[in-house]
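To keep things clear, I will list the structure first and then write my remarks on it.
In this chain, numbering begins with 1 at the start of the sequence shown.
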Amino acid sequence: MTDSAMSGTELDNVLLAVERAAPVDAVEAVTRAIGSSLDADWVSFLVADMSGRALVRLVHLPIGEPAGGRRQDRDVAQLMPFDGGPQEQALRAQQALVEQVGDRFVVRAPVTQRGEAIGLLEIALSAAPGEAIVRRLSLAAHTLAFVVIANRRHTDLFEWGQRTTPFTLAAEIQRRLLPEAFTCEADSFTLSAWLEPAASIGGDTFDYSLARDVLHLSITDAVGHGVDSALTATLCVSGLRNARRRGATLPEQAQAANQAIIGNRPAGSLFATGLLGRLHLATGLLDVVNAGHPMPYLIRGEQVLSVALDVNRPFGVLADKPYRPDRLRLMAGDRLVLITDGMLERGAAALDLPSRLRELARLHPREVVRVLGDLVLEVAGPALPDDACLLVLDWYGGHGDTRTTTAGADTRRASRSAADRSRTWPVEAGTGRASQSGHLGPENLGSTY
């Protein structure tokens with residue numbers, strides 16, 4: 001069922017409360033209005049921690065002293081690690097859950113926008129809520145997602161709350177290179193990405209941008225560690241974005257990143273590898289440029305194969321040599337996984353990534369990247385020697401305006417059905433080749449560009 005709109009009066013009241021409040025008070029203003037309308041005992045907002053393994057309750061105490069947690073002025077951030085309890089369950093399942101606690105009923109509703117799990121709205125009621133109340137709270141939580149997104153541009157409060165460990169300068173630079181949302185759902189695709197930073201930042205990044213009929217995506221890895229690596233990554237990502245926003249072709253975007261590093265590189269002879277993609281959403285045709293980067297994986301049916309792409313030089317090497325793209329045809333139900341070498345090398349080599357990808361095939365991409373992030377830390381951590389980055393893209397076909405949601409999340413695709421995974425090789429004629437060596441070779445576009 002598609003979400004129905006809030007009533008005009010309710011929406012007007014929410015917008016008025018937000019606009020009257022300072023950015024740091026906007027969430028509190030909305031939760032106060034929600035609590036008052038339902039005569040709640042208390043209302044609370046929990047923001048997702050940057051580690052992806054905890055929630056952080058943000059509390060403002062106008063009087064008195066905080067009773068634990070990190071403190072900034074009179075704001076308190078109380079860390080609540082995931083423990084398999086109802087908070088984690090509600091966030092992971094993207095569904096509102098009701099729990100009786102003593103003589104109160106606590107409703108926990110995900111604060112979500114386009115599949116991006118921003119946090120959780122908690123509200124305690126004296127009477128058991130009916131279905132209509134739970135749905136109303138789910139819609140309120142969805143509205144709260146937009147309030148957080150709009151107001152975090154004006155304050156560090158939410159970012160401060162999410163940071164449960166201090167950032168180095170290199171980490172600060174790297175963080176600014178990532179998109180604001182790590183997950184994006186649309187009717188034809190779902191994308192989710194994750195970065196597990198090394199103890200000394202290794203320069204990994206991912207990026208995406210959705211146009212009307214095209215999805216742009218990339219994953220890059222600047223060599224080295226620390227600030228030099230982060231600065232090289234800055235040149236690379238900025239070159240790609242600048243060219244993309246000018247309407248450049250995929251090879252032109254690659255060349256722009258190459259020139260950005262060559263013309264402005266910091267001390268030393270640093271470079272970056274990368275994989276750039278442009279997915280035509282109506283057809284599933286994926287144009288790809290591989291700049292010296294690890295091959296992606298394609299999951300189709302029960303098969304997990306490495307895609308054998310032509311390899312171009314890395315960014316920051318040889319100024320004038322052109323970049324040549326490949327083309328891969330996705331089929332509805334396909335999953336594409338982009339990685340950096342931190343998912344493959346040293347201790348991470350023990351992960352057996354193809355087997356894990358097969359085991360996780362029915363999970364939402366948001367959960368896949370979280371699980372794989374945990375597994376990398378388990379086999380190669382707790383302090384990684386190199387960044388580990390991955391991007392998971394599911395393509396469903398059917399590009400248009402048919403997406404249906406529940407409070408900001410497409411729960412139909414939270415668990416991929418067996419039918420979506422029933423296809424087997426060989427690949428559709430003319431779209432590549434499935435080799436006995438376990439690789440899929442794309443159609444080479446040559447001079448198409």
Side chain to side chain contact (heavy atoms under 4.5 Å, CB included) assessment of Val107 paired with Val98: CA-CA 5 Å; Val107 182; Val98 181; 4.1 Å; yes

Salt bridge (Lys or Arg N to Asp or Glu O under 4.0 Å) evaluation trace for Arg152 with Glu180: CA-CA 11 Å; Arg152 71 182 306 150; Glu180 296 212 8; 5.3 Å; no

Working for side chain to side chain contact (heavy atoms under 4.5 Å, CB included), residues Val30 and Thr143: CA-CA 9 Å; Val30 173; Thr143 302; 5.7 Å; no

From CA spacing to verdict: side chain to side chain contact (heavy atoms under 4.5 Å, CB included), Asp287, His280: CA-CA 8 Å; Asp287 299 326; His280 303 265; 3.0 Å; yes

Stepwise side chain to side chain contact (heavy atoms under 4.5 Å, CB included) check, Thr164 with Arg70: CA-CA 9 Å; Thr164 53; Arg70 291 179 295 121; 4.1 Å; yes

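Leu195 contributes atom CG, which lies 7.5 Å from atom OG1 of Thr340 (distance to the nearest 0.5 angstrom). The NE2 atom of His364 sits 7.5 Å away from the CD atom of Gln94 when rounded to the nearest 0.5 Å. Atoms OG and CD, on Ser218 and Gln253 in that order, are 8.5 Å from each other to the nearest 0.5 Å. Between atom OG of residue Ser51 and atom CD of residue Glu196 there is a gap of 8.0 Å, rounded to the nearest 0.5 Å. Taken from NE2 in His293 to CD1 in Ile219, the straight-line distance is 4.5 Å, to the nearest 0.5 Å. With rounding to the nearest 0.5 Å, the separation of OH in Tyr297 from CE in Met343 is 9.0 Å.
No donor-acceptor pair under 3.5 Å is formed between the side chain of Glu185 and the backbone N or O of Leu191. Put simply, the side chain of Arg108 never gets that close to the backbone of Pro86: no donor and acceptor are under 3.5 Å apart. Under a 3.5 Å cut-off, the side chain of Trp395 and the backbone N or O of Met331 do not form any donor-acceptor pair. In terms of modelled atom types and a separation under 3.5 Å, the side chain of Gln174 and the main chain of Asp204 share a donor-acceptor contact. In this structure a side-chain-to-backbone donor-acceptor pair under 3.5 Å is present from Asn151 to Val147.
Two residues are said to be in side-chain contact when any heavy atoms from C-beta on lie closer than 4.5 Å; Leu336 and Leu328 meet this criterion.
With a 6.0 Å radius and a threshold of 12 heavy atoms from other residues, nucleotides or ligands, Asp374 has its CG atom above the threshold.
A salt bridge links Glu159 with Arg176: the closest approach of a Lys/Arg side-chain nitrogen to an acidic carboxylate oxygen falls below 4.0 angstrom.
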